Amino acid sequence: MSTWAQQDGWSWPEKPRNLQVLPKEWPGSRLSPVMRGFTRALGVRCSYCHTGEEGKPLSTYDFASDQNPNKNRAREMLRMLGSVNDHLKKIEPSGDKRVNMWCHTCHRGRPRPMTLEEELGEQYRMKGVDTALTHYEDLKKKYLEKGAYDFSERPLNIFGYEVLEKKDTAGAIRVFTLNAKTFPKSANVWDSLAEAYMKAGDTKSAKRYYEKSLKLDPKNEEARDNLKKIKEVPRR
Ligand code: HEC
Ligand code: HEC
């Protein structure tokens, strides 16, 4: 048993009272690796799913209670995993061993496993572009080495187009500018930035960035076409 549990005099119950998915006859000691696995997989503490206050001794928690909605969410996840693994048993694995699915296969240290573009999109819809970009930096600091998110140019580019579709050209320019600063050697990110400037009516900047994209990738026909169009249109 870990020191924090000993320190506060709490121990795993001999007989759990409210198991609905895990085997009812399990003694509490068998829950220990499972519950610890949950906290690690989701990057949370016991209080995320249980009724109890963070920082208070575990002896004050009511682990059998179902009051915390995340507990039933976790139960549904357990059932889902059971059914996924049943399906997996039906296929002949191409490797030497069957690949199992775990909580951390999806969660990877996060309570809500989203793609980076979904995560940024949600922040943008709730709180705007500034918050979304701050969130991006925070996620990068926290998760870059854990591989929970794809930090290549792609997610930011997709997110930028979501912002652009909402006709928020100023916001999209900020997103694409960050991407261009982060991946200055990618023809694609400069092309996206040029497109946002084009939509904003700033043909001068659009031209500059289409040229930049074309220089990095002379085969970018779209940039070439757009540059041609800019030159045909009389200057504003
Ligand atoms: C991701 C959610 C989640 C986290 C985090 C979590 N648990 Fe649980 N816990 C559950 C679920 C779900 C059950 C009930 C399982 C079932 O119904 O089969 C449960 C059951 C229990 C029980 C049995 C209670 C009873 O009497 O029926 C104990 C004890 C327990 N957890 C302790 C802990 C401890 C200690 C931690 C932190 C180290 C923890 N749990 C973290 C979801 C979680
Ligand atoms: C196939 C991928 C996948 C697996 C495997 C998986 N989850 Fe999830 N889980 C999700 C997704 C996606 C969500 C977010 C659902 C939403 O909010 O729309 C989620 C949400 C949750 C939530 C709610 C979190 C919140 O803040 O809303 C809990 C708790 C949870 N999962 C626990 C678990 C546990 C425990 C396991 C392992 C038994 C597990 N999950 C396995 C995909 C998965």
Side-chain angles (χ1 to χ4, degrees), residues 1-91 93 95 97-127 131-132 135 138-139 142-143 146-150 155 158-159 162:
M1 188 162 306
S2 81
T3 40
W4 49 259
Q6 277 165 351
Q7 271 163 9
D8 97 338
W10 180 83
S11 57
W12 294 89
E14 236 162 79
K15 237 192 117 3
R17 286 183 286 136
N18 188 17
L19 296 185
Q20 297 176 21
V21 185
L22 298 169
K24 281 190 184 25
E25 67 281 4
W26 270 17
S29 57
R30 286 200 63 173
L31 292 176
S32 169
V34 178
M35 296 302 145
R36 280 162 210 281
F38 286 177
T39 58
R40 261 196 308 273
L42 274 68
V44 298
R45 319 275 295 242
C46 312
S47 62
Y48 198 76
C49 299
H50 288 288
T51 312
E53 215 178 297
E54 195 46 58
K56 289 249 173 85
L58 290 182
S59 50
T60 64
Y61 281 46
D62 183 357
F63 286 106
S65 160
D66 290 346
Q67 216 184 341
N68 186 331
N70 280 330
K71 192 179 180 191
N72 271 323
R73 291 190 178 110
R75 280 196 177 110
E76 215 46 68
M77 294 282 148
L78 274 170
R79 294 188 182 104
M80 174 181 78
L81 260 193
S83 114
V84 166
N85 282 320
D86 281 347
H87 283 288
L88 287 174
K89 279 180 206 138
K90 292 182 192 166
I91 63 159
K97 204 168 163 262
R98 195 183 309 286
V99 176
N100 281 310
M101 195 130 178
W102 311 91
C103 307
H104 62 255
T105 311
C106 296
H107 280 273
R108 299 178 137 209
R110 305 156 301 166
R112 291 187 77 215
M114 288 189 262
T115 64
L116 187 53
E117 58 269 31
E118 282 171 332
E119 186 99 40
L120 298 177
E122 185 174 87
Q123 292 292 316
Y124 174 70
R125 290 189 301 275
M126 290 191 312
K127 294 180 192 149
T131 307
H135 192 58
D138 290 346
L139 289 176
K142 197 163 165 203
Y143 291 106
K146 292 190 182 153
Y149 295 98
D150 171 5
I158 294 171
F159 171 54
E162 182 187 329

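Both counts, for ligands and for their atoms, begin at 1 and track the order of listing. Predicted, not measured: the structure shown is a model, and the values here were computed from it.
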For ligand 1, does [X] get within less than 4.0 Å through its side chain, its backbone, both, or neither, judged by non-hydrogen atoms?
X	answer
Leu31	side chain
Tyr61	neither
Trp26	neither
Tyr48	neither

Applying salt bridge (charged side-chain N to carboxylate O under 4.0 Å, His left out), can you list everything that pairs with Asp62, at least two apart in sequence or on another chain?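 Scan of Asp62 (salt bridge (charged side-chain N to carboxylate O under 4.0 Å, His left out), adjacent residues dropped) gives none.
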Could you tell me which atoms of ligand 1, counted from 1 in the order shown, lie closer than 4.0 angstrom to a heavy atom of Pro13? 29 (C)
What pairs of donor and acceptor atoms, side-chain ones from residues 106-113 against any protein atom, are under 3.5 angstrom apart with sequence neighbours left out?
{"residue": "His107", "atom": "ND1", "partner": "Arg110", "partner atom": "O", "Å": "2.8"}
{"residue": "His107", "atom": "ND1", "partner": "Pro111", "partner atom": "O", "Å": "3.3"}
{"residue": "Arg108", "atom": "NH1", "partner": "Gly147", "partner atom": "O", "Å": "2.2"}
{"residue": "Arg110", "atom": "NE", "partner": "His107", "partner atom": "O", "Å": "2.9"}
{"residue": "Arg110", "atom": "NH1", "partner": "Met114", "partner atom": "O", "Å": "2.9"}
{"residue": "Arg110", "atom": "NH1", "partner": "Ala148", "partner atom": "O", "Å": "3.4"}
{"residue": "Arg110", "atom": "NH2", "partner": "Cys106", "partner atom": "O", "Å": "3.0"}
{"residue": "Arg112", "atom": "NH1", "partner": "Glu122", "partner atom": "OE2", "Å": "3.2"}

Residue pairs meeting side chain to side chain donor-acceptor pair (under 3.5 Å), one or both in residues 73-82, sequence neighbours left out, come to Asp66-Arg75, Asn70-Arg73, Asn72-Arg75, Glu76-Arg79
Proximity of Met114 to ligand 2 by residue part, where a heavy atom lies under 4.0 Å: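 No part of Met114 is near ligand 2 at this cut-off.
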Can you tell which part of Trp102 has a heavy atom less than 4.0 Å from ligand 2: side chain, backbone, both or neither? backbone
Could you go step by step and tell me if Tyr124 and Glu162 meet the side chain to side chain donor-acceptor pair (under 3.5 Å) rule? CA-CA 10 Å; Tyr124 174 70; Glu162 182 187 329; over 6 Å; no
Any nitrogen or oxygen of [X] lying under 3.5 Å from a nitrogen or oxygen in ligand 1? Just yes or no.
X	value
Pro16	no
Leu22	yes
Arg17	yes
Arg75	yes
Asn18	yes

Under 4.0 Å, counting heavy atoms only: does Leu81 come that close to any atom of ligand 2? yes
Report yes or no: does His50 have an N/O/S atom closer than 2.8 Å to atom 8 (Fe) of ligand 1? yes
Listing by chain and number, which protein N, O or S atoms are under 2.8 Å from atom 8 (Fe) of ligand 2? Met77 SD, His107 NE2
Below 4.5 Å, heavy atoms only, C-beta onward: do Pro155 and Leu120 meet side chain to side chain? no
among protein heavy atoms, the one nearest atom 22 (C) of ligand 2 is Pro111 O, 4.0 Å
